[in-house]
Amino acid sequence: MNSPPLTPAAKPLTLAGKTYTSRLLVGTSRYPNLAIMNKALDASGAQIVTVSIRRLNLQQDGAMGVLDVIDRQRYTLLPNTAGCYTAKDAILTAHLAREALGTSLIKLEVLGDDRTLFPDVGNLLEAARVLVDDGFTVLPYCNDDPVTCQKLEDIGCAAVMPLGAPIGSGMGIRNPYNLQIIRELVNVPVIVDAGVGTASDAAIAMELGCDAVLLNSAIAGAKDPVKMAAAMRLAIDGGRLAFEAGRIPRKLYATASSPLEGIIGTRISKP
């Protein structure tokens with residue numbers, strides 16, 4: 001006999017017309033080995049996994065790679081254009097991904113420099129326009145800038161993916177106010193991408209009302225990636241449920257949780 005769930009299920013995520021019960025998207029790079037990666041994917045509960053098309057071994061040379069161990073029936077592959085620094089390279093990489101993997105989903109990354117890995121907004125917008133016109137479902141990695149996110153939505157992107165902090169920094173959500181503004185201004189899903197370091201960071205992103213979180217380094221670089229993947233799964237679910245439940249307002253002074261009226265010896269404040 002199966003036990004009932006401990007908590008009510010959070011609302012599912014709808015992305016590009018498809019529904020997912022998990023709001024955690026995970027990457028597939030920098031794990032100690034492919035076996036640990038696969039165990040971490042399983043522990044995360046994720047249904048969408050992102051792969052760098054520029055780092056995949058697409059040659060039939062007998063070498064075991066990421067695509068050899070990922071269950072394509074279980075996971076939706078989200079190829080990305082990581083490592084691209086121009087719109088032209090990102091567009092070419094996206095077309096290669098569609099041809100190689102048979103999907104029009106693309107996580108669009110166009111980086112500005114090697115040190116910060118911040119997006120190059122001009123090239124990002126250019127590439128997004130071309131790829132949307134070419135029939136891709138574009139999920140762009142972008143700055144936590146409400147104006148940029150609105151422009152990406154207007155172009156026709158299926159979601160916006162603002163950074164929480166620089167890629168791989170583990171600094172957490174550095175500007176929650178911008179993320180709140182983005183969530184209010186755009187109608188497509190908002191997926192926090194980059195900067196999450198631990199489970200509490202992921203929970204904060206979800207409590208702010210973001211629709212999902214995409215992360216890689218926080219799991220792959222943890223001392224125990226499988227346990228961290230499980231922690232992220234719980235944090236995402238808890239954060240989303242808290243957002244849907246609606247938190248109490250913040251107050252400067254205390255408010256008693258039990259009524260004081262009728263309590264023997266209660267001190268009555270002087271008028």
Side-chain angles (χ1 to χ4, degrees), residues 2-3 5 9-83 93-109 136-139 141 158-159 161 189 191-194 196 199 202 206 211-237 240:
N2 294 328
S3 300
K11 295 177 182 177
L13 169 68
T14 300
L15 185 61
K18 188 173 180 180
T19 299
Y20 300 91
T21 54
S22 173
R23 291 175 177 267
L24 175 61
L25 292 70
V26 294
T28 54
S29 66
R30 301 185 181 278
Y31 286 87
N33 55 60
L34 293 176
I36 291 178
M37 180 202 76
N38 227 10
K39 290 179 181 179
L41 295 185
D42 180 58
S44 75
Q47 295 166 297
I48 302 174
V49 297
T50 183
V51 294
S52 173
I53 195 67
R54 292 167 68 92
R55 298 189 181 102
L56 288 179
N57 178 16
L58 300 176
Q59 307 299 321
Q60 299 298 321
D61 58 7
M64 183 72 73
V66 169
L67 294 181
D68 297 307
V69 299
I70 291 180
D71 184 352
R72 298 282 294 273
Q73 300 300 314
R74 177 177 181 181
Y75 301 110
T76 296
L77 287 186
L78 174 61
N80 66 58
T81 63
T93 302
H95 279 276
L96 177 61
R98 183 160 66 180
E99 181 179 347
L101 302 179
T103 178
S104 292
L105 275 174
I106 193 73
K107 179 193 171 190
L108 178 61
E109 297 184 30
F136 284 86
T137 300
V138 180
L139 283 65
Y141 160 67
M161 306 180 74
I191 303 172
V192 171
D193 180 13
V196 168
M206 299 307 295
D211 297 278
V213 172
L214 189 155
L215 54 86
N216 187 155
S217 299
I219 293 177
K223 292 182 179 179
D224 188 328
V226 179
K227 283 186 178 180
M228 183 60 79
M232 291 297 184
R233 177 179 188 170
L234 294 170
I236 292 289
D237 289 347
R240 181 63 190 185

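Owing to the predicted nature of the structure, the values given are computational and were not obtained by experimental measurement.
Distance check, rounded to the nearest 0.5 Å: OG of S217 to CE of M228 gives 12.0 Å. Atom CG of L41 and atom OG1 of T28 lie 7.5 Å apart (nearest 0.5 Å). In this structure, NZ on K107 lies 9.5 Å from CD1 on I191, to the nearest 0.5 angstrom. Atoms CD1 and CG, from I219 and D224 in turn, are 11.0 Å apart once rounded to the nearest 0.5 Å. L34 CG to I70 CD1: the interatomic distance, rounded to the nearest 0.5 Å, is 9.0 Å. The distance from atom CE of M37 to atom CG of N33, rounded to the nearest 0.5 Å, is 9.5 Å.
Of the possible polar contacts, none joining the D211 side chain to the L13 backbone as a donor-acceptor pair under 3.5 Å is found. Side-chain atoms of T50 come within 3.5 Å of backbone N or O of L78 as a donor-acceptor pair. Put simply, the side chain of R23 gets close to the backbone of K11: a donor and an acceptor are under 3.5 Å apart. No side-chain donor-acceptor contact under 3.5 Å links E109 to the backbone of N80. In this structure a side-chain-to-backbone donor-acceptor pair under 3.5 Å is missing from N38 to A35.
When every heavy atom of L24 is checked against every heavy atom of S44, the shortest pair comes out as CD2-O, 3.7 Å. For the residue pair I106 and A97, the shortest heavy atom distance occurs at CD1-CB, 4.2 Å. Smallest separation of non-hydrogen atoms from T21 and Q47: N-OE1, 2.8 Å. Nearest approach of A231 to A199, heavy atoms of both residues: O-CB, 3.9 Å. Between D193 and Y141, the shortest heavy-atom contact is OD2-CD1, 3.5 Å. Of all heavy-atom pairs spanning P189 and A158, the tightest one is CD-O, 3.3 Å.
When side chains are defined from C-beta on, T76 does not count as touching L15, because their heavy atoms never get closer than 4.5 Å. Residues R233 and D237 are in side-chain contact: their nearest non-hydrogen atoms beyond the backbone lie under 4.5 Å apart. With a 4.5 Å cut-off on side-chain heavy atoms, L101 and V51 count as touching. Using a 4.5 Å cut-off on side-chain heavy atoms (C-beta onward), N216 and Y31 make contact.
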Exercise. Taking it one step at a time, do V196 and M232 satisfy side-chain contact (heavy atoms from CB on, under 4.5 Å)?
Worked result: CA-CA 10 Å; V196 168; M232 291 297 184; 3.8 Å; yes

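Tested against M161 for a side-chain contact (heavy atoms from CB on, under 4.5 Å), the candidates L139, V192, V213 yield a single pass: L139.
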